[in-house]
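Worksheet for the structure shown next.
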Amino acid sequence: RCNLTACSSKMHPMWQGPLAVPGGDRQSPIDIVVRKSVLDTELKPLKTTYDPKTCQQIWNNGYSFLVEYDDTTDKNTLKGGPLQDTFRLCQFHFHWGETNDWGSEHTVDRRLFPAELHLVHWNADRYSLFEEAVMEDNGLAVIGVFLKVGKRHEGLQKLVDALPTIRHKDSVVEFTCFDPGCLLPANTDDYWTYHGSLTTPPLTESVTWIVMKQHIEVSHDQLAVFRSLLFTSAEEEVQKSMVNNFRVQQPLRGRTVRSSFT
Ligand SMILES: NS(=O)(=O)c1ccc(C(=O)NCc2c(F)c(F)c(F)c(F)c2F)cc1
Ligand SMILES: [Zn+2]
């Protein structure tokens with residue numbers, strides 16, 4: 001099973017993390033400077049195939065909430081784009097702020113979004129488990145989608161309705177029949193891609209990031225329910241709202257961000 005490691009420091013829920021990471025020259029997230037991205041005409045359209053029936057559970061891991069899929073078969077795959085191999089979806093989760101003014105991990109020309117969706121896939125052509133792939137250079141592919149506040153996202157509502165049942169850290173509920181494809185923007189041909197890392201410990205530099213140019217819209221009220229989640233478990237006396245669960249931007253260190261569009 002793949003899950004986000006809970007990581008928070010006493011001072012501030014926003015993860016501080018180790019100062020230096022071994023190697024540490026391809027860390028995520030980053031600011032995407034549009035005019036410095038390089039068009040790569042070899043980049044193909046993304047090909048995603050997701051089966052809603054393989055959705056298994058939704059849980060609060062103390063840092064975000066995750067929707068996990070059965071990744072023991074090739075039912076949920078990501079191919080094409082910058083990828084040579086077939087990657088399997090294992091989970092998706094979000095990062096968000098305490099207000100609509102910030103919350104995303106990546107930025108575009110320093111522009112912050114209120115939240116960001118991450119669909120986490122691992123290279124099933126080369127590895128047999130997520131846990132293996134997460135340690136390898138070309139092990140993971142994460143699709144990032146920015147969220148903006150606007151009209152209500154009908155497909156998201158089923159997920160929003162489940163959140164009150166997993167308010168506390170480590171709570172899990174069964175969650176079935178959810179199509180993650182409904183969270184992708186209409187246009188998935190336009191994206192930026194670069195080599196980076198997990199944005200939470202162990203920050204392994206194993207991720208091919210694919211950040212969508214087009215955002216999705218969710219309502220103010222839907223996003224407010226994200227903020228009703230708690231970092232803390234039921235037993236803890238002081239309850240802390242799960243907000244600002246994003247990492248600060250990391251240096252580009254000479255990396256090139258490629259774009260699939262002009
Ligand atoms: N925000 S993001 O960059 O999209 C991101 C995606 C996945 C994970 C994750 O799976 N962490 C837990 C986790 C590990 F970090 C491992 F290294 C490992 F081996 C696991 F099995 C595992 F569940 C962390 C961050
Ligand atoms: Zn994430």
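Just so you know, ligand 1 is whichever comes first in the structure, and atom 1 is the first atom listed for that ligand.
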Just heavy atoms, cut-off under 4.0 Å: does [X] contact ligand 1 by side chain, backbone, both, or neither?
{"X": "Trp122", "answer": "neither"}
{"X": "Pro201", "answer": "backbone"}
{"X": "Leu198", "answer": "both"}

> Can we say Asp31 and Arg110 salt-bridge, meaning some charged N sits less than 4.0 Å from an Asp/Glu carboxylate O?
Replying inline: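 A salt bridge links Asp31 with Arg110.
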>> Taking Asp25 first and then Arg253, would you say they form a salt bridge - that is, a charged N and a carboxylate O separated by under 4.0 Å?
In response: no
> Taking the Zn ion (ligand 2) as the vertex, how big is the angle to ND1 in His118 and NE2 in His95, rounded to 10°?
Replying inline: 100°
> Taking Thr193 for the side chain and Trp209 for the main chain, is one N or O donor matched with an acceptor at less than 3.5 Å?
Replying inline: yes
>> Any side-chain to backbone donor/acceptor pair from Arg26 onto Gly196? Under 3.5 Å, distance only.
In response: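 Here the side-chain-to-backbone pair exists.
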> So, is Thr199 polar-close to ligand 1, with some N/O to N/O distance under 3.5 Å?
Replying inline: yes
>> I need the atoms of ligand 1 closer than 4.0 Å to a non-hydrogen atom of His95, numbered in the order shown.
In response: 1 (N)
>> Can you classify the ring geometry of Phe92 versus Tyr69 as parallel (below 30°), tilted (30 to 60°) or perpendicular (above 60°)?
In response: tilted
>> Please state which option from Asn61, Leu140, Val134 has its nearest heavy atom closest to atom 16 (C) of ligand 1.
In response: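 Going through Asn61, Leu140, Val134 one by one, Val134 has the nearest heavy atom to atom 16 (C) of ligand 1.
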